Amino acid sequence: MTENLRELFHLQEGLVFLNHGSFGACPKPVFKTYQDWQLTLENQPVAFLDQERGLLDNMKAARVAVAKELGANEQDIVGVENATAGLNAIARSQELKPGDEILTSNHEYNALENTWRFVADRTGAKIVVADIAIPLRSEDQFTSSILKKMTENTKVLFLSHITSPTSLVFPIENVVKEARNRGIITVIDGAHAPGLIHLKLNELNADFYSGNCHKWMMAPKGSAFLWAHKDVQHTLEPTVISHGWVPQNGNKKQLGAFGDSRFIDCFEVQGTRDPAAWFTVPAAIEFKQLHNWEKVKRRSSELAMATAVTISKLTKIPLFASHEFLAPQLVSIPLPDCDVDELKNRLLSEYDIEIPVFRWADICIVRLSIQGYNTQQEADALVNAISEILGLR
Ligand SMILES: Cc1ncc(COP(=O)(O)O)c(C=O)c1O
């Protein structure tokens with residue numbers, strides 16, 4: 001018998017929650033650990049937040065656990081509030097000048113498109129967008145679309161590991177390697193990747209990577225990480241300059257450094273913050289081990305894929321890629337042209353289904369997430385609701 005995982009979540013009763021992808025959902029035992037950390041903080045705020053009296057040790061414990069889970073060294077990773085924050089620090093640290101090019105794809109997340117637009121506006125650098133055509137059928141197709149746009153002016157390659165609108169796993173390994181050969185800085189947006197795909201940061205060997213723990217790693221909101229290759233850590237400046245910051249060539253000792261390195265100090269010692277979510281990530285990792293999450297993931301991926309295929313057969317519109325490039329548990333399903341807001345609102349108001357429906361590149365899309373708490377009945381309810389509303393049968 002499979003465990004009834006729904007009981008382990010705080011999700012509203014009666015709600016068919018098919019949108020884990022946007023903000024995740026934190027399991028009750030993990031959320032309890034999070035609240036316990038917050039209570040400990042309020043019991044003795046000074047002891048908790050004083051760098052010398054435990055804060056840095058607790059920071060490090062989380063860093064060590066996340067690094068182990070993601071195939072990284074703990075000296076190369078720091079906690080940040082969300083992937084947007086991590087990627088902002090990276091983007092805004094790049095020293096670019098007019099004529100430089102930031103190469104990216106047409107599947108990127110709007111918030112980060114804005115970040116790069118902001119950087120480009122201030123530096124005079126140009127954003128170059130490689131069109132990754134759908135359906136994505138091969139790694140070569142992806143690699144050649146990127147390489148075609150790589151020039152001697154390309155200074156930064158910015159790509160999602162798993163794309164937000166289309167839920168594709170971009171096969172980034174080759175282009176990351178090629179960019180390194182050409183001296184191009186690689187910045188990877190891994191907002192969805194940790195916990196969803198097999199992520200090994202050292203092996204990927206990008207320059208910078210930021211991802212969320214609150215989505216598929218099952219940690220509370222406010223937990224994410226920034227990973228930086230040791231060769232480029234010195235080029236990074238935090239968005240918030242605080243006690244932990246020292247000038248690039250400053251004398252750490254003289255300026256009162258706190259922990260292991262300038263990189264870690266800059267990001268770990270930043271004003272008064274509630275670090276409870278970051279401290280809870282090890283509990284989220286343990287939760288997944290305890291509940292046999294590999295099996296849960298497999299079952300969830302199968303259900304997500306089967307549901308997507310069913311809808312695709314009904315609409316007669318093919319999915320965005322061959323199976324190997326479709327993210328597990330998260331599938332963007334193209335729909336016939338429709339009023340996306342109306343569809344989204346009716347799914348919620350008439351069928352109690354929470355799921356994102358939106359338009360990307362003029363294609364209507366419903367993005368299905370399946371997590372351990374979802375059931376076959378819920379997936380069937382989605383198929384039925386979409387069929388009724390769009391008149392598909
Ligand atoms: C590809 C991608 N990048 C970045 C983000 C931003 O994540 P956050 O809002 O947690 O910073 C998201 C959010 O869903 C995303 O899908």
Side-chain angles (χ1 to χ4, degrees), residues 17-26 34 66 70 78-92 102 104-119 127 129-130 132 134 136 142 156-172 186-197 199 204 206 208-227 238-240 267 273 277-278 280-281 284 304 320-321 325-332 344 354-361 365-369 371:
F17 192 67
L18 299 175
N19 187 7
H20 192 89
S22 285
F23 309 114
C26 187
Y34 171 54
V66 175
L70 301 179
V78 286
V80 289
E81 199 176 357
N82 50 51
T84 306
L87 292 163
N88 261 265
I90 298 163
R92 296 176 70 173
I102 301 158
T104 186
S105 87
N106 60 329
H107 294 239
E108 301 306 321
Y109 187 66
N110 176 258
L112 277 310
E113 287 181 337
N114 281 346
T115 306
W116 287 108
R117 230 174 265 147
F118 175 93
V119 168
I127 295 175
V129 180
I132 309 298
I134 44 170
L136 178 60
F142 175 79
V156 172
L157 174 63
F158 172 68
L159 291 172
S160 289
H161 205 169
I162 296 178
T163 61
S164 174
T166 43
S167 314
L168 301 180
V169 183
F170 273 168
I172 56 174
T186 46
V187 180
I188 307 302
D189 174 352
H192 284 280
L196 201 51
I197 57 173
L199 178 59
L204 179 61
F208 299 105
Y209 195 109
S210 187
N212 282 322
C213 305
H214 73 252
K215 289 185 193 275
W216 303 94
M217 281 180 84
M218 316 305 287
K221 277 144 273 297
S223 60
F225 66 88
L226 186 172
W227 178 92
T239 317
V240 175
F267 285 89
R273 297 183 298 180
W278 177 240
T280 305
V281 183
F320 286 142
F325 305 115
L326 294 174
Q329 298 183 247
L330 178 76
V331 198
S332 292
K344 180 172 178 286
E354 182 68 71
I355 193 164
V357 187
F358 53 90
R359 217 173 249 279
W360 171 84
I365 295 172
V366 61
R367 192 179 73 176
L368 170 66
S369 294
Q371 187 48 285

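Here, residue 1 is the first one in the sequence, and each next residue gets the next number. Everything numeric here is computed off the predicted structure, so don't read it as measured data. Read the numbers this way: they start at 1 and go in the same order the structure lists the ligands and their atoms.
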- Here the atoms of ligand 1 under 4.0 Å from any heavy atom belonging to N212 are 7 (O), 8 (P), 10 (O)
- Query: More than 12 foreign heavy atoms under 6.0 Å from CD of E108: is that the case here?
  - Reply: yes
- When you look at NZ of K221, are more than 12 heavy atoms from neighbouring residues, nucleotides or ligands closer to it than 6.0 Å? yes
- Ligand-residue contact atoms, ligand 1 with S160, heavy atoms, under 4.0 Å: 1 (C)
- Item | Any K215 heavy atom less than 4.0 Å from ligand 1 | yes
- Item | F158/I90 under side-chain contact (heavy atoms from CB on, under 4.5 Å): CA gap, chis, key distance, verdict | CA-CA 11 Å; F158 172 68; I90 298 163; over 6 Å; no
- Query: With a 4.0 Å cut-off on heavy atoms, is A111 touching ligand 1?
  - Reply: no
- Identity and distance of the protein heavy atom lying nearest atom 16 (O) of ligand 1: H192 NE2, 3.0 Å
- Query: Using a heavy-atom cut-off of under 4.0 Å, does the side chain or the backbone of T84 touch ligand 1, or both, or neither?
  - Reply: both
- Under a 4.5 Å cut-off applied to non-hydrogen side-chain atoms, are S167 and F320 in contact? no
- Item | Option from F170, W227, Y109, Y209 for which ring-ring contact (aromatic ring centres under 6.0 Å, His included) with H161 holds | Y209
- R367 N/O under 3.5 Å from ligand 1 N/O: no
- Query: Among protein heavy atoms, which sits nearest to atom 1 (C) of ligand 1, and what does the distance come to when rounded to 0.1 Å?
  - Reply: D189 OD2, 3.5 Å
- Message: Nearest 0.5 angstrom please: I197 CD1 to W216 CH2, how far?
- Response: 12.0 Å
- Task: Heavy-atom distances under 4.0 Å are what count here, so tell me which part of L112 touches ligand 1: side chain, backbone, both or neither.
- Result: side chain
- Query: For H214, is the nearest heavy atom under 4.0 Å from an atom of ligand 1?
  - Reply: yes
- Item | Contact atoms of ligand 1, heavy-atom distance to A191 under 4.0 Å | 2 (C), 3 (N), 4 (C), 5 (C), 12 (C), 15 (C)
- What's the verdict on side-chain contact (heavy atoms from CB on, under 4.5 Å) for C213 and W278, showing C-alpha distance, side-chain angles and the deciding distance? CA-CA 9 Å; C213 305; W278 177 240; 4.3 Å; yes
- Message: Can you confirm whether S22 sits close enough to R367 that some side-chain heavy atom of one is under 4.5 Å from a side-chain heavy atom of the other?
- Response: yes
- Test of proximity, S22 against ligand 1: N or O pairs below 3.5 Å: no
